[in-house]
Amino acid sequence: MEAAAAGATAAKKSKSERIEAQEPQGSGNRDVEGRSLDLISRLPDEVLGTVISLLPTRDGARTQAISRRWRPLWRSAPLNLEADHDLSTQDRKRVLFVSKILAAHRGPARRFALPGIRLRDRYAKIDGWLRSRALTGLREMEFRYEIEDRLSPYPLPPSVFRFAPTLCVAVIGYCHFPNGMAPSLNFPCLKQLTLSVVTMSEDALHSLLSGCRVLESLLLSRNVGIARIRIRSQTLRSIGFSPAWDIQASAVMFQELVIEDAPNLQRLLPLDPELGPANIRVLQAPKLEILGTLSERISKIELGASVFQEMVAVSLTTSMHTVKVLVLDSAGPNLAIVVDFLKCFPCLEKLYIISRLKKNMKNVLRYNRLDPMECLELHLKKVVLKNYEGKRADVDFARFFVLNAKKLKEMKFGVVNNCNDKWLASQRRRLQLDNRASPDARFEFKSGVCNFFINNHTHDLWMADPFDSSLCRCCMRI
Amino acid sequence: MSSSSDEKKPADDAADAAAAAEDEQVVMLRSCDGEEFAVGASVAKMSGMVSNMIDDDCVDGGVQLPMVKGHVLARVLEYLNKKHGSAAEEFTNFKAEFFATLADREALFDVILAANFLHTQDLLDDACQCAADRIRGKKVQEIRDYFGIVNDFTPEEEEEIRKENAWAFD
């Protein structure tokens, strides 16, 4: 009884107290009689195997030297093999080690990652790796070539599809997809798919996607050869997409993304809106919550029957009540344009704006209290304004929210220049912070230039707001 | 819904509230040292083992868990209740704190063993990840020291292993 009570209250001790009390002094955990309390080795083989399979490759293999109990475990624990700089800093050695490890391990494998393999004359060898018994049952795969010659072909070995029945996570990059194989492919377990700088046909992409019946997140980044992407998926929750960077004159441009039917889609994430695609059409996405980044470089955005051309609302017939987070790149910044977006998303809670100040921009819009906007009256809680200069146009823009967003909790300004006290005082006055509509609102100014919101979180479904923790390339977190 | 220790556990409160709110079946779980926990069926079913018993209708007198101590079961239920009732981001934050407070090695391994016994896959996965995090980056002797593992290799054996896997050792 005492032990149980002590155990129950132990959780209430402060964390540092507990760590201090339990850290071994030099040579190990010992009980009152001085016997070694080797608790971990008492775990069953299968559980230890799970732990080992979560370790980086070298750490995993080193467990063989811990004790006799541990020696046989790595060879039968699901293999985690990543050919990265941790394995070796030298390319030639990495290749050597991968061959060695695959020869020594019995299988199955949990994860195999080639984050940047140089093809050279190694195609047969790489193909051999993929066929090895050690990789049986693979659940996570990353396959990316390191491109050394942009004019050469980098064929994806069809043997990667051996893992189609068991893969849960796949990253394929910097290669030429074997288009002919696509129609026969089926990925019954695949939840997360990344295709990055892959050259493939539009048909192959759609065949591939139709074989992914449980897909939850999809990242289509900079792929070559695809003009239109059509999404029909009962399970998809998040999609991030961007056009190719390197378009030769005759190559295909990414023109359009159409969400035809995606009943569970929560996030629609154009990752490089400066580059397009030219059109985004959402026919059916009844659970859409997060949308962005949108910019005028996307010529046409259709959300149901609402249409925006170069960000200007041409028709606002459909409003999407589920959208809570919106990220806009606004040349001007243009208050009238942004306000029209707010009319399309009456329940919006967070608004992120990248401001691009234009010389003669005039933001004269006044809030019409006789025609109140649901978003400003009831929902908008957070506004983040990046690239803020504190000049007339963006002051007028920001002040609109200060004075009219009744539920505003926080407004953050990412400021281009230095915010010295004098400048801040002047801004507080011009923004009329003392007259703010929401008494609880807090205003924060932070220095640093940032041109966009980087979003690396297409697959991070656990994050409520992938833009909230976005790390700017300039290392400013807002 | 009695508990043999002095204070009412947070797991009990949450379980009571959840079960009451949903008017669902309540399952009594009994630890090997006699502590009892009332758990709503929806949370109880997160244990594969208990789920099977519920489906087979053998939970009427309560479920005896011979392998699991009371304070460990309390932690397991804390995790399961939170997982059942939280949004994804909130739960991710909770997990970080939960495993940080399992700084005591014994507690972590007790939770792993309990999760394995109860077939609570998510908890087992997360707890194994925590154990892996504590192994990662350590040299072999550091791992032995940290976990209290005795080195029972002869020097020749150990040398042989290091040679065979030279690529893994610095």
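Computed from heavy atoms alone, side chains included, the values below leave out hydrogens, waters and symmetry copies.
- Neither the backbone nor the side chain of Ala87(B) comes within contact range of chain A; no heavy atoms are under 4.5 Å apart.
- The neighbour count for Met67(B) CE, taken as heavy atoms of other residues, nucleotides or ligands under 6.0 Å away, does not exceed 12.
- Counting heavy atoms of neighbouring residues, nucleotides and ligands inside a 6.0 Å radius, atom CZ of Arg94(A) exceeds 12 of them.
- Within residues 67-90 of chain A, the residues having any heavy atom closer than 4.5 Å to a heavy atom of chain B are Ser67(A), Arg68(A), Trp70(A), Arg71(A), Trp74(A), Arg75(A), Leu87(A), listed by residue number.
- Looking at Arg62(A), its side chain does come within 3.5 Å of a backbone N or O of Ala168(B) through a donor-acceptor pair.
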How far apart are the C-alpha atoms of Leu124(B) and Thr50(A), what are their side-chain angles, what is the distance that settles it, and do they pass the side-chain contact (heavy atoms from CB on, under 4.5 Å) test?
-> CA-CA 9 Å; Leu124(B) 183 57; Thr50(A) 303; 6.0 Å; no

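- With rounding to the nearest 0.5 angstrom, the CG atom of Leu48(A) is 8.0 Å from the CD1 atom of Ile135(B).
- Residue contact with chain A, scored on non-hydrogen atoms closer than 4.5 Å, involves the side chain of Asn165(B) exclusively.
- Once rounded to the nearest 0.5 Å, the distance linking CH2 of Trp167(B) with OG1 of Thr57(A) reads 6.5 Å.
- Around atom NZ of Lys350(A), more than 12 heavy atoms belonging to other residues, nucleotides or ligands sit under 6.0 Å away.
- Only the side chain of Glu160(B) comes within contact range of chain A, with heavy atoms under 4.5 Å apart.
- Residues from residues 99-108 of chain A that place a non-hydrogen atom less than 4.5 Å from a non-hydrogen atom of chain B comprise Lys100(A), Ile101(A), given in numerical order.
- Residue Lys95(B) qualifies as enclosed at atom NZ: its count of foreign heavy atoms under 6.0 Å is above 12.
- Among pairs with a residue in residues 82-91 of chain B, those fulfilling salt bridge (charged side-chain N to carboxylate O under 4.0 Å, His left out) read Lys82(B)-Glu90(B), Lys83(B)-Asp122(B), at least two apart in sequence or across chains.
- With rounding to the nearest 0.5 Å, the separation of CG in Asp460(A) from OG1 in Thr92(B) is 9.5 Å.
- Here the closest non-hydrogen pair linking Phe169(B) and Ala65(A) is CZ-CB, 3.7 Å.
- The candidate with the highest count of non-hydrogen atom pairs below 4.5 Å against chain B, out of Leu54(A), Ile66(A), Asp59(A), is Ile66(A).
- Ranked by non-hydrogen atom pairs under 4.5 Å with chain A, the options Leu108(B), Asp133(B), Leu113(B), Asn151(B) are led by Leu113(B).
- Applying the salt bridge (charged side-chain N to carboxylate O under 4.0 Å, His left out) test to every pair with at least one member in residues 47-56 of chain B, sequence neighbours left out, gives these pairs: Lys45(B)-Asp55(B).
- Counting non-hydrogen atoms of other residues, nucleotides and ligands closer than 6.0 Å to CD of Glu46(A) gives a total of 12 or fewer.
- Looking only at side-chain heavy atoms (C-beta outward), Ile40(A) and Ile149(B) come within less than 4.5 Å of each other.
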